[in-house]
S.K.: 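Take this structure first; my questions come after.
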Amino acid sequence: MLSERRASLVLLIVTVLAAWGWIFSKEAIQGLPPFGFIGLRFLLASVCLLPFCIGSLKRVDRGDLVRASGVGSLLSGALLFWIFAMSVSTSLGEGAFIMSLSMLIVPLVAWGLFKQTPPRIFWVSMPIAVAGLALLSLGGVGWQLSPSQIWFLLAAVFLAIHFNVNSRYAKRIPTLVLTCVQLFTTGVIASLVSLCVETWPDAVPPLIWGWFTLSVVVATSLRYLLQTFGQKGANAANAAIIMILEPVWTVVLSVVWYHEAMPAHKIAGCSLILLSLLIYRGSQPLRHYLRRKLS
């Protein structure tokens with residue numbers, strides 16, 4: 001078992017790898033069809049994880065494998081929306097913050113699907129997030145959602161649905177098995193969609209395959225493995241706060257890598273979304289900390 005400090009460091013590394021995954025993906029789809037990229041990426045990522053869970057996979061009930069595949073279909077929906085949004089977006093940092101809203105959409109989905117009433121702090125943080133999204137949508141002609149923002153928001157909604165359903169089955173299916181099956185399912189569905197709606201280029205430059213390899217090995221397989229180990233050793237509340245850093249790193253990388261412009265209204269919007277997440281996910285560990293200090 002990892003110590004709390006080491007586990008937190010592992011999760012911090014995970015957020016950096018996840019942010020680099022945005023760069024790897026954006027570069028890869030310059031030469032690969034977006035849906036085909038997701039299909040190949042997640043099929044190969046599942047193959048990379050297979051040696052670590054082949055024993056457990058053989059012992060899992062077939063019904064649970066079917067359920068895991070169903071959860072994977074939700075993940076595929078989120079990722080297909082995400083990669084399409086990325087293919088038409090000029091602002092990765094903005095997209096990363098919109099995607100981070102999925103954690104605030106999770107309580108709404110749980111309320112609708114499982115009748116779980118959101119905690120009171122949710123009603124404090126949600127209006128702040130909405131205000132942040134509104135600021136991101138400001139442009140030269142006033143307030144309007146761009147096509148990429150709509151697709152990123154749809155991806156966030158699907159990700160929230162996936163999170164709720166996945167949490168149900170994570171208690172009965174081994175983590176690596178559940179992850180591997182979901183990655184495989186995502187790869188299959190994305191590949192089928194690609195075959196139906198996309199045309200592959202006659203030749204793909206070696207550099208594009210290099211970015212693709214990094215996205216598979218580093219941003220998918222290694223990231224999910226490290227996240228699994230980190231979450232096992234870290235306090236759940238602390239882990240949740242650390243994972244908020246992913247969009248922050250993504251903004252930093254997009255500004256450095258693509259010289260992405262971040263006007264004042266976008267900086268303010270991202271800041272409000274970050275604040276809403278900190279309020280929502282940081283209130284519980286803060287209360288626990290104050291109780292220990294006062295007791």
S.K.: Would you say CZ of F52 has more than 12 non-hydrogen atoms from neighbouring residues, nucleotides or ligands within 6.0 angstrom?
M.R.: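 Atom CZ in F52 is not crowded, with 12 or fewer foreign heavy atoms closer than 6.0 Å.
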S.K.: When rounded to the nearest 0.5 angstrom, what distance separates CZ in F212 from CZ in F24?
M.R.: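 Taking CZ in F212 and CZ in F24, the distance rounds to 13.5 Å.
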S.K.: Does atom CH2 of W211 have more than 12 heavy-atom neighbours, drawn from other residues, nucleotides or ligands, at distances under 6.0 Å?
M.R.: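 It does: W211 CH2 has more than 12 such atoms within range.
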S.K.: For side chain to side chain contact (heavy atoms under 4.5 Å, CB included), just list the numbers for N166 and Q182, CA-CA rounded to whole Å, side-chain angles, deciding distance to a tenth of an Å, and then say yes or no.
M.R.: CA-CA 10 Å; N166 188 52; Q182 288 187 60; 2.7 Å; yes
S.K.: Crowded around W111 CH2? As in, over 12 foreign heavy atoms under 6.0 Å?
M.R.: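 Open: at most 12 neighbouring heavy atoms sit under 6.0 Å from CH2 of W111.
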S.K.: Taking the side chain as everything from C-beta on, heavy atoms only, tell me whether F122 gets closer than 4.5 Å to P107.
M.R.: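 F122 reaches P107 side chain to side chain.
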S.K.: Is the backbone N or O of F35 less than 3.5 Å from a side-chain atom of E198, with the two atoms forming a donor-acceptor pair by type?
M.R.: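 Confirmed, E198 side chain pairs with F35 backbone.
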S.K.: Dump the intermediate steps for side-chain hydrogen bond (donor to acceptor under 3.5 Å, both in side chains) on N164 and Q116, then the final yes or no.
M.R.: CA-CA 11 Å; N164 275 281; Q116 296 177 358; over 6 Å; no
S.K.: Checking S73 side chain against G70 main chain: does a donor-acceptor pair fall under 3.5 Å?
M.R.: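 Flag set: sc S73 to bb G70 pair under 3.5 Å.
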S.K.: Count I, L, V, M, F, W, Y as connected when their side-chain heavy atoms are under 4.5 Å apart, and connections chain through other members. Are W123 and I121 then in the same cluster?
M.R.: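 Cluster IDs for W123 and I121 match.
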S.K.: Taking S46 for the side chain and L43 for the main chain, is one N or O donor matched with an acceptor at less than 3.5 Å?
M.R.: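 Yes, because the side chain of S46 sits within donor-acceptor range (under 3.5 Å) of the backbone of L43.
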S.K.: Is it true that a side-chain atom of S89 and a backbone atom of M86 form a donor plus acceptor pair closer than 3.5 Å?
M.R.: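 No.
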S.K.: With a 4.5 Å cut-off on side-chain heavy atoms, are L277 and S125 touching?
M.R.: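 No, side chains not in contact.
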S.K.: Would a 4.5 Å heavy-atom cut-off, applied to side chains only, mark S102 and V157 as touching?
M.R.: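 No, side chains not in contact.
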S.K.: Could you check whether S100 and E246, counting side-chain N and O atoms only, form a donor-acceptor pair closer than 3.5 Å?
M.R.: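 The criterion, which ignores hydrogens and geometry beyond distance, is not satisfied for S100 and E246.
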S.K.: Do V66 and R62 have side chains that approach each other closer than 4.5 Å (heavy atoms only, starting at C-beta)?
M.R.: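 V66 does not reach R62 side chain to side chain.
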S.K.: Is L65 close to V177 at the side-chain level, that is, under 4.5 Å between some pair of heavy atoms?
M.R.: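 Yes, at least one pair of side-chain atoms sits under 4.5 Å.
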S.K.: Starting from V181, can I reach V188 by hopping between I/L/V/M/F/W/Y residues whose side chains sit under 4.5 Å apart?
M.R.: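 As far as the 4.5 Å side-chain criterion goes, V181 and V188 are not connected within one cluster.
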S.K.: Yes or no on side chain to side chain contact (heavy atoms under 4.5 Å, CB included) for S148 and F84, after CA distance, side-chain angles and deciding distance?
M.R.: CA-CA 8 Å; S148 65; F84 182 76; over 6 Å; no
S.K.: Could you give the distance from CG (L79) to CG (L183), rounded to the nearest 0.5 Å?
M.R.: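 Between atom CG of L79 and atom CG of L183 there are 9.0 Å.
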S.K.: If I take atom OG1 from residue T250 and atom CH2 from residue W257, how far apart are they, to the nearest 0.5 angstrom?
M.R.: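 So the gap between those two atoms works out to 14.0 Å.
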S.K.: How long is the span from the CG atom in L226 to the CG atom in L17, to the nearest 0.5 Å?
M.R.: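 Between L226 CG and L17 CG, I get 6.5 Å after rounding to 0.5 Å.
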S.K.: To the nearest 0.5 Å, tell me how far L104 CG sits from S276 OG.
M.R.: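 Answer rounded to 0.5 Å: 4.5 Å.
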S.K.: To the nearest 0.5 Å, what is the distance between CG on L159 and CG on L154?
M.R.: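 Nearest 0.5 Å value for the CG-CG distance: 12.5 Å.
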S.K.: Looking at W22, is its backbone amide N or carbonyl O close enough to the side chain of S25 to form a donor-acceptor pair, meaning the two atoms are under 3.5 Å apart?
M.R.: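 Checked: no pair found.
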S.K.: Would you indicate whether the side-chain heavy atoms of F42 and T185 approach each other to under 4.5 Å?
M.R.: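 Sidechains of F42 and T185: no contact.
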S.K.: Got more than 12 heavy atoms from elsewhere within 6.0 Å of CZ, F184?
M.R.: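 Count not over threshold, so no.
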S.K.: CZ of F163: more than 12 outside heavy atoms within 6.0 angstrom?
M.R.: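 No, because the 6.0 Å sphere around CZ of F163 holds 12 heavy atoms or fewer from other groups.
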S.K.: Mind checking whether W200 and I208 sit in one hydrophobic cluster, side chains of I, L, V, M, F, W, Y counted as touching below 4.5 Å?
M.R.: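 Yes: a chain of side-chain contacts under 4.5 Å links W200 to I208.
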S.K.: Please check if the side chain of H265 supplies one atom and the backbone of L135 the other of a donor-acceptor pair under 3.5 Å.
M.R.: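 Judged by distance alone, yes, a pair lies under 3.5 Å.
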S.K.: Is there a chain of hydrophobic side chains (I, L, V, M, F, W, Y, each step under 4.5 Å between heavy atoms) that links M99 to I150?
M.R.: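 Cluster IDs for M99 and I150 match.
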S.K.: Would you mind reporting whether W209 and L32 have side-chain heavy atoms less than 4.5 Å apart?
M.R.: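 Contact flag for L32/W209 side chains = yes.
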S.K.: Less than 4.5 Å apart, side chain to side chain, heavy atoms only: is that true for L153 and L133?
M.R.: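 Side-chain contact under 4.5 Å: yes.
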